[in-house]
Amino acid sequence: MDYSEAKNYIYNSDNEVLKKPLYDLLMAVTDEKIEDGLIIIKKITDCNDETANLLWTDLQNDFGDEQRESKRKARESYEREKALEEYKYRNNAECPYCHSKNTKKISGFSKAGSVALFGVFAMGKVGKQWHCNQCKSDF
């Protein structure tokens with residue numbers, strides 16, 4: 001096929017047999033896998049190397065930037081959430097039981113309140129410094 005026929009074939013194909021190869025081709029464009037994309041283009045259109053390179057360039061211009069942008073935004077969002085989580089629990093102790101960093105320091109007021117309410121039975125909490133919000137243990 002020549003360039004215009006091949007481009008029309010790829011862009012306007014309703015053939016059920018081509019759905020999987022076209023999906024693979026778009027994934028290759030998104031992931032910037034040039035070699036894989038060129039192989040798929042040649043397989044689908046039976047064109048030469050020059051035509052395959054031109055089609056690859058067209059596909060990158062039409063589909064590559066948008067897909068890469070959405071992947072980049074998702075990656076940045078994930079990294080932001082992870083950094084926020086690390087910052088949030090940065091100064092917290094790790095629970096020795098469940099290894100969560102989702103802990104809080106037991107305040108002196110809380111210890112005094114427990115002693116006032118439960119007396120001698122609250123001595124276990126008085127000797128602890130941290131409370132795990134995950135498994136609810138004191139350590």
Side-chain angles (χ1 to χ4, degrees):
M1 283 186 198
D2 69 345
Y3 170 75
S4 60
E5 288 175 328
K7 184 172 181 175
N8 187 39
Y9 189 67
I10 289 175
Y11 278 74
N12 301 319
S13 180
D14 291 332
N15 188 342
E16 286 293 321
V17 176
L18 287 180
K19 285 202 178 198
K20 175 72 171 119
L22 288 175
Y23 175 79
D24 292 342
L25 179 58
L26 288 176
M27 288 298 103
V29 169
T30 303
D31 297 336
E32 298 184 47
K33 295 182 178 178
I34 298 171
E35 295 82 20
D36 295 345
L38 292 175
I39 290 169
I40 295 169
I41 291 171
K42 289 177 192 177
K43 188 176 180 182
I44 293 172
T45 62
D46 195 32
C47 64
N48 61 19
D49 291 340
E50 184 180 341
T51 302
N53 283 323
L54 290 172
L55 289 169
W56 175 260
T57 303
D58 287 344
L59 287 167
Q60 272 194 313
N61 289 336
D62 293 341
F63 300 105
D65 293 336
E66 180 180 315
Q67 297 293 330
R68 278 191 296 276
E69 185 66 20
S70 65
K71 273 188 170 182
R72 185 186 60 78
K73 285 182 181 179
R75 188 179 308 116
E76 285 177 357
S77 174
Y78 171 75
E79 288 171 357
R80 241 188 337 268
E81 288 175 16
K82 189 175 178 181
L84 179 64
E85 182 100 3
E86 288 175 8
Y87 175 76
K88 187 176 178 181
Y89 300 123
R90 177 177 59 183
N91 294 326
N92 292 5
E94 182 177 313
C95 175
Y97 308 112
C98 69
H99 302 287
S100 172
K101 296 277 279 179
N102 186 4
T103 58
K104 67 178 180 179
K105 194 156 182 69
I106 299 173
S107 68
F109 182 74
S110 174
K111 290 178 186 180
S114 294
V115 169
L117 285 174
F118 303 110
V120 176
F121 300 109
M123 293 310 289
K125 185 173 185 175
V126 172
K128 310 295 182 182
Q129 292 182 341
W130 295 92
H131 173 77
C132 177
N133 295 323
Q134 190 82 22
C135 67
K136 309 296 184 208
S137 63
D138 296 327
F139 57 97

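- Placement of Leu55 and Leu26 within a single hydrophobic cluster is found when ILVMFWY residues are connected by side-chain heavy-atom separations under 4.5 Å, directly or transitively.
- The distance from atom CD1 of Ile40 to atom CG of Leu25, rounded to the nearest 0.5 Å, is 5.5 Å.
- Partners of Tyr3 by side chain to side chain donor-acceptor pair (under 3.5 Å), not counting sequence neighbours, listed by chain and number: Asp58.
- Thr103 and Cys132 make their closest contact through CG2-CA, 3.9 Å (heavy atoms, listed as atom of the first residue, atom of the second, distance).
- Both the sub-6.0 Å distance and the 45° axial angle are not jointly satisfied by Lys104 relative to the ring of Trp130.
- Partners of Glu94 by side chain to side chain donor-acceptor pair (under 3.5 Å), not counting sequence neighbours, listed by chain and number: His99.
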* Candidate pair His131 and Lys136, rule side chain to side chain contact (heavy atoms under 4.5 Å, CB included), full reasoning -> CA-CA 7 Å; His131 173 77; Lys136 309 296 184 208; 4.2 Å; yes
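- Nearest heavy-atom pair across Phe139 and Lys128 is O-CB, 3.6 Å.
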Would Cys135 and Ser100 count as a side chain to side chain contact (heavy atoms under 4.5 Å, CB included) here? Give the steps. CA-CA 9 Å; Cys135 67; Ser100 172; over 6 Å; no
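- Take Ile34 and apply the side chain to side chain contact (heavy atoms under 4.5 Å, CB included) test, not counting sequence neighbours, and it matches Leu38, Trp56.
- Checked against side chain to side chain donor-acceptor pair (under 3.5 Å), Tyr97 has no partners two or more places apart in sequence or in another chain.
- Applying the side chain to side chain donor-acceptor pair (under 3.5 Å) criterion to Lys20, with sequence neighbours excluded, gives Asp24.
- Heavy atoms from other residues, nucleotides or ligands lying under 6.0 Å from OH of Tyr23 number 12 at most.
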Distance-only criterion, 3.5 Å: show the donor-acceptor pairs between side-chain atoms of residues 44-54 and protein atoms not counting sequence neighbours.
{"residue": "Thr45", "atom": "OG1", "partner": "Ile41", "partner atom": "O", "Å": "2.7"}
{"residue": "Asn48", "atom": "OD1", "partner": "Glu50", "partner atom": "N", "Å": "3.4"}
{"residue": "Asn48", "atom": "OD1", "partner": "Thr51", "partner atom": "N", "Å": "2.8"}
{"residue": "Asn48", "atom": "OD1", "partner": "Thr51", "partner atom": "OG1", "Å": "2.7"}
{"residue": "Asp49", "atom": "OD1", "partner": "Lys42", "partner atom": "NZ", "Å": "2.3"}
{"residue": "Asn53", "atom": "ND2", "partner": "Asp49", "partner atom": "O", "Å": "3.2"}

